[in-house]
Number of protein chains: 2
Amino acid sequence: MTAGVGARRSVRVSREQSISSEESVSGASFREIRPDRSITEQVREAVRSAIIDGDLAPGALHSVQRLADAFGVSRTPVREALIDLARTGMVRFERNRGVRILQTSIHGLEEILALRLLLEVPAARRAAQLATPPVDRALERELMAMATAATAGDEPLTMRHDRLFHRAVNEASGNQRLADYVDSLRDLVVTSGVSTAGRSRSLEAIVAEHEAILAALRARDPAAAGAAMKAHLVSTALLLLEQEGGRAADAPLVWAELVEG
Amino acid sequence: MTAGVGARRSVRVSREQSISSEESVSGASFREIRPDRSITEQVREAVRSAIIDGDLAPGALHSVQRLADAFGVSRTPVREALIDLARTGMVRFERNRGVRILQTSIHGLEEILALRLLLEVPAARRAAQLATPPVDRALERELMAMATAATAGDEPLTMRHDRLFHRAVNEASGNQRLADYVDSLRDLVVTSGVSTAGRSRSLEAIVAEHEAILAALRARDPAAAGAAMKAHLVSTALLLLEQEGGRAADAPLVWAELVEG
DNA sequence: CAGCGGCCTGTAGCATGTTACATGTGATTA
DNA sequence: TAATCACATGTAACATGCTACAGGCCGCTG
């Protein structure tokens, strides 16, 4: 126990006892029952959520010890969780200094958006070939929840359902690994700071783009599904890059030309 | 820059193995000098190589303690290295039982090959747009080394240069993250057990396919580069699936139709 | 006043101790 | 013989101890 107990708690990750208590994540079905998730897993998800939600600011330097104290566990599971996150690029260990919360650079953002284009557009086409009524219904549910959240101006909730919608589409393609990887890519993009200007309008525009995707999937029209997904991702890319870098870099557009002829 | 800091233990694998032996290291420098890599990193690379080369058999169950003893280090860096490998899917922790070396299933293989198609074909097209003479020369070097190894019947060495060739192409696309991910996907596919029957012939066929890719890149012909890469990956997919599953699953072919129109 | 150099604190990295549990084994019993 | 169960063994998961080092602080020196 190092001194400085009174150090201000810059990490207000969650309630003190949240680790040992059950998380009641609202909404979607659990893919697997994990009654006794390991502490490491719980810490990993907590830190991941904290970064995504902006509770852990990009660029900030933390220590395993302080994070462990905040969670009420020892250093080991925290370190192991961070190793996991470091591999995906969300954090970086700096020897004898701490753990840096990483901010995806403009170039990194371009790379990520290009990867999403390359993967999700074909996945949407494939999903249109494989979709079944249950898949339709699941997508409809997510889209409705997204629309409700968007009209309410609840941006985090909208983004959460946006994520679940994309995951459902990607899983419907039959390639689970693709879905997982795309999901991990999304962790690297900070979405919490979306510009306040014209926020509700862009949120509703996003919902409209998803409606187009769903319509194409329901019609079992691969070409339309791919086109709709491509349009959506390009739109998203432009929005993010404009917001992040002032001037939009056009790298993702170049990649967009490479996908789907 | 005091070099010998304290006791720097050497990581030694039980099987004497010249993983990173310096054949043909000439010219191509390492991307980064790491004079004092951490023990965890060294163990991770050693285990990764051991799995790829088949020294750690798929399906086998090991313990962190025994691996640590074999490497002459404590359990901690071994465990941390394995956590890293577990995230990529090479191993899996089984509570109170050990660490399982995973064998990629047929379905998993299909997923991986589909991902490679979706990523590497556009990457080849993009690389054809961006390639420069130095890139040409690097690819030529790898291809020559690959051809030499193939005619000598040295399959592991051939595969090593095959990997470097693909990495060079993918990096030439300008998307480093794409290159890294494809590289990690390759770790999951056991290549060491390629069928002995007609081995040299298929090795030379592979070299020919790479020659086509290189020719298209040198000609700065994106369409041809994409087509050549696609043909090569489809060929590889058929070879691997036939070998692995007896009957070839056609899932990657379905995905192949989705890429590049 | 400015430059400098040693001390002090906090940290990651690594080693080791502790705990709960899954599984095999062999004695015990019907 | 066959089924059962207490126990020994080995393990991951977690907690804690230890060490070298990076970087700031502060007094010292010119």
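Below, read A as the first sequence line, B as the second, and so on, with proteins coming before strands; counting in each chain starts at 1. Please read all numbers here as calculations on a predicted model, not as lab measurements. Atoms considered below: every heavy atom in the structure, side chains included; atoms not considered: hydrogens, waters and symmetry mates.
For the pair A:Arg186 and A:Asp162, the minimum side-chain heavy-atom distance is below 4.5 Å.
Rounded to whole Å, the distance from CG on B:Asp69 to C1' on D:dT11 is 13 Å. Straight-line distance from the CG atom of B:Asn96 to the P atom of C:dT18: 18 Å, rounded to whole Å. Atom C1' of nucleotide D:dA12 and atom CD of A:Glu41 are separated by 13 Å, given to the nearest angstrom. Rounded to an integer number of Å, the gap from CD of A:Gln65 to P of C:dT9 is 16 Å. The interatomic distance linking B:Phe93 (CZ) with C:dC21 (P) rounds to 19 Å, in whole Å. Residue A:Phe71 contributes atom CZ, which lies 14 Å from atom P of D:dC14 at whole-angstrom precision. Atom P of nucleotide D:dA12 and atom CZ of B:Arg92 are separated by 13 Å, given to the nearest angstrom. C:dG13 atom P lies 11 Å from atom CD1 of B:Ile39, rounded to whole Å.
One can find a donor-acceptor pair under 3.5 Å joining the base of D:dA15 and the side-chain atoms of A:Thr76. Side-chain N/O atoms of A:Arg66 and base N/O atoms of C:dG10 include no donor-acceptor pair closer than 3.5 Å.
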*Residue pair B:Arg163, B:Asp187: steps toward the salt bridge (charged side-chain N to carboxylate O under 4.0 Å, His left out) verdict*: CA-CA 10 Å; B:Arg163 189 182 192 126; B:Asp187 286 341; 2.3 Å; yes
_Derivation and outcome, side-chain contact (heavy atoms from CB on, under 4.5 Å), residues A:Arg177 and B:Leu188_ = CA-CA 12 Å; A:Arg177 187 177 293 272; B:Leu188 302 177; 3.2 Å; yes
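The listed nucleotides are D:dT11, D:dC14, C:dA12; the one nearest the side chain of B:Ser63 is D:dT11. Residue A:Ser74 places its side chain closer to D:dT16 than to any other of C:dA12, D:dA13, D:dT16.
In this structure, A:Arg75 and B:Arg75 both approach DNA chain D, and ranking their closest nucleotides by distance from the 5' end singles out B:Arg75. Where B:Arg97 and A:Glu80 each meet DNA chain D at their nearest nucleotide, the meeting point lying more 5' is that of B:Arg97.
The two residues B:Arg37 and B:Gln42 come nearest to each other via the heavy atoms O-NE2, 2.9 Å.
Under a cutoff of 6.0 Å and an axis angle of 45°, B:Arg79 and B:Phe93 form a cation-pi pair.
Residue A:Glu94 is in sugar-phosphate contact alone, with no base atom involved, counting any heavy-atom pair closer than 4.0 Å across all strands shown.
Between B:Thr40 and the phosphate of C:dG13, there is no side-chain N or O to OP1/OP2 separation shorter than 4.0 Å.
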